[in-house]
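This report refers to the structure that appears directly beneath it.
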Amino acid sequence: MSILLFSLALILSNIINKGVVKEYFPYTAPILLGLATWILYKAENKSLSEIGLNLSLRNLSFLPLGVLIGVIALWVAKYVRALYTDESLVISESIDYVSILYAFYFILPTVAVEEFLFRGYLFKKTISKTNVVIANIIFSMLFMLIHVLDENVMQNRGMMILLIVSIPVGHLWFSTALLKSKTLFFPIGLHLGNNWATRHLVTNTDSGDSIFYTMNNATFDTWPYFIGFILLYNAVFLFMTFLIWKWNDFPVVKNMNS
């Protein structure tokens, strides 16, 4: 039932999300997935509060908090990379602030879709049927596969290895945020901040699309050098995950069991 509803939501969004709608309001998919999630919980005499999707100030505050932490984490990871590779982080000479800020609007629906699919109803239901460890293994693999099973990625062995390692780490980061905060707004914020920072905080060229760019871009010409970078880069996000897991001051929410 749940797989059918989510599949139907994605099919309908693909039909609707075209032309002017896609250009100015790319939110069809998250709205329909949210509706599907609401129907599934309604059938169980529950509500979206099960994943913290209500308009309480407590839950909503996790969205901007997540964005901030997501941006900081990416910045630290980029800085660690720069130290490891002797790259230089430089402020862009010409910055298109309007486009950079507007990017939040267009990145949000994509990350919301992924959070509904991989950290929402299905993830919580799997936890209830098995346990957190098994659910994390299953959904980290699924989350990784949708990123790796891409023609461009499959043709780039280095990128494929990077994603095979990094995407499960990302899932663990987002799922830990959900389970600790008990609201999907937190992983949505983290995901949004991270994806925005990847595209618009630090990039490889001074194109005006980012606030910083790197000079002396490194070339990973040996496998030990490349593997060392992957381990250090992902260590940043594992450390952020650890900090969230150890954060004991989250307000208690009674209607969402982890």
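Of the possible polar contacts, one joining the S92 side chain to the S210 backbone as a donor-acceptor pair under 3.5 Å is found. At distances below 3.5 Å, not a single donor-acceptor pair connects side-chain atoms of K246 with backbone N or O atoms of L243. Using modelled atom types, no side-chain atom of S166 and backbone atom of L163 make a donor-acceptor pair closer than 3.5 Å. Looking at N217, its side chain does come within 3.5 Å of a backbone N or O of N204 through a donor-acceptor pair. With N234 contributing its side chain and I230 its backbone, the two residues share a donor-acceptor pair below 3.5 Å.
Residues L74 and W196 form no side-chain contact, since every pair of their non-hydrogen atoms from C-beta on lies 4.5 Å or further apart. By the 4.5 Å heavy-atom criterion applied to side chains, Y84 and L231 are not counted as neighbours. For the pair Y213/V90, a side-chain contact is recorded, criterion being any heavy-atom separation below 4.5 Å from C-beta on. Proximity of R157 to I161: side-chain heavy atoms (C-beta onward) are separated by under 4.5 Å at one or more points. When side chains are defined from C-beta on, I127 counts as touching L179, because their heavy atoms get closer than 4.5 Å. Counting heavy atoms from C-beta on, the side chains of L53 and W38 never come closer than 4.5 Å. Proximity of L178 to K124: side-chain heavy atoms (C-beta onward) are separated by under 4.5 Å at one or more points.
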(request) Carefully, step by step, assess I51 and Y121 under the rule side-chain contact (heavy atoms from CB on, under 4.5 Å). (result) CA-CA 8 Å; I51 49 175; Y121 177 87; 5.7 Å; no
(message) Quick one, L108 with I188, criterion side-chain contact (heavy atoms from CB on, under 4.5 Å). Give me CA distance, side-chain angles, the key distance, then yes/no.
(response) CA-CA 8 Å; L108 176 56; I188 288 175; 3.8 Å; yes
(request) Step by step, work out the side-chain contact (heavy atoms from CB on, under 4.5 Å) result for L35 and I39. (result) CA-CA 6 Å; L35 178 61; I39 292 172; 4.2 Å; yes
(message) One pair to check against side-chain contact (heavy atoms from CB on, under 4.5 Å): F220 and L162. What are the steps and the verdict?
(response) CA-CA 12 Å; F220 298 101; L162 176 62; over 6 Å; no
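A donor atom on one side chain and an acceptor atom on the other are not found under 3.5 Å apart for D221 and T219. No side-chain donor from either of N216 and D86 sits under 3.5 Å from a side-chain acceptor of the other.
Taking the six-membered ring for Trp and thresholds of 30 and 60 degrees, H191 and F174 have nearly parallel ring planes, at less than 30 degrees apart. Using cut-offs of 30° and 60° on the angle between ring planes, the pair F123 and H171 is perpendicular. Ring geometry, Y102 versus Y105: the interplanar angle falls under 30°, so the pair is classed parallel (tilted spans 30 to 60°). Classified by interplanar angle (parallel below 30°, tilted 30° to 60°, perpendicular above 60°), the ring pair H147/F143 is perpendicular.
Annotation for P26 and P30: closest pair O-CD, 4.4 Å, computed over non-hydrogen atoms. A pairwise comparison of heavy atoms in G52 and T183 identifies O-OG1, 2.9 Å as the closest pair. Taking every heavy atom of both residues into account, L10 and V113 meet most closely at CD2-CG1, 4.4 Å. Nearest heavy-atom pair, V169 versus V165, reported as atom, atom and distance to 0.1 Å: CG2-O, 3.4 Å. Looking at every heavy atom in both residues, N54 comes nearest to S49 through ND2-OG, 3.0 Å. Across every non-hydrogen atom of G193 and V71, the tightest pair is O-CG2, 3.6 Å.
Taking the six-membered ring for Trp and the full ring otherwise, the centers of F62 and F186 sit less than 6.0 Å from each other.
Taking CD1 from I164 and CE from M141, the interatomic distance works out to 9.0 Å, rounded to the nearest 0.5 Å. Here the CG atom belonging to L122 is positioned 6.5 Å from the OG1 atom belonging to T126, to the nearest 0.5 angstrom. Separating the CZ atom in F104 from the CG atom in L192 is a distance of 6.0 Å, to the nearest 0.5 Å. Residue D96 holds its CG atom at 11.5 Å from CD1 of I211, rounded to the nearest 0.5 Å. Between the CD atom in E114 and the CD1 atom in I146 there is a gap of 4.5 Å [rounded to 0.5 Å]. If you take CG on D209 and CZ on R199, they are separated by 11.5 Å, rounding to the nearest 0.5 Å.
As a member of the Ile/Leu/Val/Met/Phe/Trp/Tyr network built from side-chain separations under 4.5 Å, L4 groups with nothing else and remains a singleton.
Relative to the six-membered ring of F139, R119 misses at least one condition, a distance below 6.0 Å or an angle of at most 45° to the axis.
Grouping the Ile, Leu, Val, Met, Phe, Trp and Tyr side chains by contacts below 4.5 angstrom, directly or via other members, places F239 with I72. Residue V21 is not grouped with residue Y27 when hydrophobic side chains (ILVMFWY) are merged at heavy-atom distances under 4.5 angstrom, including chains of intermediate members. In the hydrophobic clustering of ILVMFWY residues, with side-chain heavy atoms under 4.5 Å counting as a link, Y225 and W223 come out together.
Residues forming a side chain to side chain contact (heavy atoms under 4.5 Å, CB included) with L172 (at least two apart in sequence, or on another chain): N136, S175, T176, L238, T241.
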